[in-house]
Amino acid sequence: MDLKSTNGSLVVADPAPITKSRLGAYSGLMPYSQSGQSFSSNIVTVPRKKPGKLDDVCSNGWLDAMISSSPPRKKAHKDFNAFDIISDEADVAYQSWMIRYPSALKSFQLIMDRAKNRKLVMFLDYDGTLSPIVDDPDRAFMSNEMRSAVRSVAKHFPTAIISGRSRDKVYDLVGLTELYYAGSHGMDIMFPARDTVSPNHLNCVKSTDLQGKEVNLFQPASEFLPMINEVYRTFVEITKDIKGAKVENHKFCVSLHYRNVDENSWPLIAQYVHDILKDYPRLRLTHGRKVLEVRPVIDWDKGRAVEFLLESLGFSNSSDVLPIYIGDDRTDEDAFKVLRKGNRGYGILVSTVPKESNAFFSLRDTSEVQDFLESLVRMAQQDAKGL
Ligand SMILES: O=P(O)(O)OC[C@H]1O[C@H](O[C@H]2O[C@H](CO)[C@@H](O)[C@H](O)[C@H]2O)[C@H](O)[C@@H](O)[C@@H]1O
């Protein structure tokens, strides 16, 4: 792992995000490149087994990003003294990092003071925030206690889940009808039809939810569906002989997991993906936790999704609203940035290791997230009783 020293504390160095320019308005979002190949073709061009030069992915930083993309698991160490020293050092580093990212639990009263006379709006990431990170993405279940905490929070405050997973998948995992859901890193947002939405939102369509209620759907990347499906099939094909690799189709983005792949094969995976993306200039790669994610090159991310939901739900007036976003991975940084800008609200980073972040506060793990949500509920109940 790449560790850097900042203000005397050890910090996990995230690789620089792949940068992009801003297009401005929500409506009529245009892909950056109009010159990409046509994506209606049914032919899946699978690079035949031999990927290009591995130097490509070494020099462009992909491999470093893959290696540093998730905290290492704690391994039992034969030499207990050495292990103790390492964990003491890690604790000191974490404590000094927390000076810059204080615990949201310890800062709870400060957050509540800021929330006074404001409407609190909650945004939650799913993996690593509501459910612990596990080896098998299909088994990333949230506990019943966490589910009930989220349900109670949603009773008191408008609450949305913004996930990299497809909207359907994250709904299946969470199973609560009281929430708003945004899947595919915010590229698939469902919100009630009754809520006002500017007519300029060209990518907004009427639909019905699973309960048959009329809803609005905002899908700014809908034209990319065939392209994403094509890349999904290609990834399935190239990884079929790579033990442990797993590909997920999240509708407007594709995930290629390498958490369970032997590290010696990571360069091969990186190079395959690199070679494939050369044919898709309208798609880009982002790094999640031991996962490579491919998504359309449009000016949309979890931060834009937060802004969109605030506006669509009628909470765009920042002076009487306090948005809070809790998330654990790099894709959540876009949302933290939006809230930090103009001191609009608070980002809370969930992390067991020091990390550079745009968040204001931190929580160590999902159990602290649950504590924080339960504290919010208690506070709302006391308020309701006029205590
Ligand atoms: O935005 P999120 O809700 O945090 O989703 C991000 C990705 O989460 C999932 O992968 C991560 O969690 C898995 C289960 O714990 C873990 O096995 C994997 O290594 C992590 O990267 C999901 O499977 C991805 O598709 C999401 O993009």
Side-chain angles (χ1 to χ4, degrees), residues 14 17 65-73 122-143 146 150 159-176 179-189 221 228 231-232 235-236 239 244-261 263 266 269 273 283-296 300-306 309 325-336 347-352 355 357 359 363 365-366 369:
D14 280 353
M66 286 172 79
I67 293 161
S68 69
S69 77
S70 204
R73 301 276 166 96
M122 290 301 298
F123 294 96
L124 303 166
D125 166 56
Y126 183 76
D127 288 280
T129 299
L130 297 181
S131 75
I133 294 295
V134 292
D135 284 345
D136 180 356
D138 292 336
R139 303 201 58 77
F141 304 121
M142 67 198 279
S143 65
M146 180 68 95
V150 175
T159 303
I161 306 255
I162 304 189
S163 172
R165 292 177 183 260
S166 72
R167 186 169 43 76
D168 289 350
K169 259 184 214 168
V170 77
Y171 175 75
D172 283 350
L173 288 164
V174 176
L176 296 171
L179 313 177
Y180 305 108
Y181 289 89
S184 313
H185 296 292
M187 288 181 283
D188 188 4
I189 305 180
I228 291 291
V231 169
Y232 168 72
F235 280 8
V236 169
T239 54
K246 181 174 177 77
V247 186
E248 290 179 299
N249 186 340
H250 288 311
K251 193 158 184 170
F252 298 110
C253 48
V254 178
S255 295
L256 197 171
H257 293 271
Y258 56 91
R259 181 176 290 280
N260 303 317
V261 173
E263 282 192 33
W266 291 6
I269 290 186
V273 172
L283 298 180
R284 69 185 172 109
L285 178 92
T286 53
H287 295 269
R289 297 180 68 163
K290 300 281 180 269
V291 63
L292 297 176
E293 297 183 299
V294 170
R295 51 161 114 178
W300 203 261
D301 53 38
K302 288 184 172 186
R304 299 298 301 276
V306 164
L309 273 162
Y325 186 107
I326 312 183
D328 73 310
D329 94 20
R330 285 172 203 169
T331 61
D332 300 310
E333 290 294 329
D334 296 314
F336 296 155
I348 302 178
L349 174 69
V350 184
S351 181
T352 52
K355 263 190 207 173
S357 174
L363 290 169
D365 50 26
T366 53
V369 172

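Note that the numbering runs from 1 along the sequence shown for the chain. When reading the values below, keep in mind they use all heavy atoms of this one structure, side chains included, and skip hydrogens, waters and symmetry mates. Order of appearance sets the numbers: ligands from 1, and atoms from 1 within every ligand.
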Distance filter under 4.0 Å to Ser255 heavy atoms, resulting ligand 1 atoms: 24 (C), 25 (O), 27 (O)
Nearest-contact summary for atom 5 (O) of ligand 1 - protein heavy atom, Å: Asp127 OD2, 3.3 Å
Side chain, backbone, both or neither: the part of Ala140 lying under 4.0 Å from ligand 1 by heavy atom: side chain
Protein heavy atom at shortest distance from atom 20 (C) of ligand 1: Arg289 O, 3.2 Å
Student check: side-chain heavy atoms of Thr159 and Tyr180 closer than 4.5 Å: no
Protein contact of atom 24 (C) of ligand 1 - nearest heavy atom, named by residue and atom, plus distance: Glu248 OE1, 3.6 Å
Atoms of ligand 1 close to Tyr126 [distance to a heavy atom under 4.0 angstrom, numbered from 1]: 3 (O)
Heavy-atom side-chain proximity of Arg259 to Val291 below 4.5 angstrom: no
Ser163 neighbourhood, listing ligand 1 atoms whose heavy-atom distance to it stays under 4.0 Å: 1 (O), 2 (P), 3 (O), 5 (O)
Test salt bridge (charged side-chain N to carboxylate O under 4.0 Å, His left out) applied to Lys302 and Asp125, step by step: CA-CA 9 Å; Lys302 288 184 172 186; Asp125 166 56; 3.1 Å; yes
Contact check, side chains of His257 and Lys290, non-hydrogen atoms, under 4.5 Å: no
Asp135 neighbourhood, listing ligand 1 atoms whose heavy-atom distance to it stays under 4.0 Å: 17 (O)
Residue-ligand contact Pro132/ligand 1, heavy atom below 4.0 Å: yes
Any donor-acceptor N or O pair under 3.5 Å, side chains Ser166, Asp168: no
Shortest heavy-atom approach to atom 25 (O) of ligand 1 - which of His250, Glu293, Arg165, Lys246: His250
Residues Lys246, Asp138: salt bridge by 4.0 Å N-O rule: yes
Side-chain H-bond candidate by donor/acceptor type, Glu293 with His185, under 3.5 Å: yes
Numbered atoms and elements of ligand 1 in range of Val291, under 4.0 angstrom, heavy atoms: 21 (O)
Pairwise side-chain contact, Ile162 with Val306, heavy-atom cut-off 4.5 Å (strictly under): yes
Residue list, salt bridge (charged side-chain N to carboxylate O under 4.0 Å, His left out) with Arg295, at least two apart or on another chain: none
Parallel, tilted or perpendicular, as decided by the 30° and 60° cut-offs, for the rings of Tyr325 and Phe336: perpendicular
Option whose closest heavy atom lies nearest to atom 6 (C) of ligand 1, chosen from Val134, Ile133, Asp329: Asp329
Heavy-atom gap Lys302 to ligand 1 smaller than 4.0 Å: yes
Protein residue, atom and distance nearest to atom 19 (O) of ligand 1, heavy-atom basis: Arg259 NE, 2.6 Å
4.5 Å side-chain heavy-atom contact, Val273 and Phe235: yes
Protein contact of atom 2 (P) of ligand 1 - nearest heavy atom, named by residue and atom, plus distance: Asp125 OD1, 2.9 Å
Min N/O separation Ile162 to ligand 1 under 3.5 Å: no
Atom 10 (O) of ligand 1: nearest protein contact (heavy atom, Å): His257 CE1, 3.3 Å
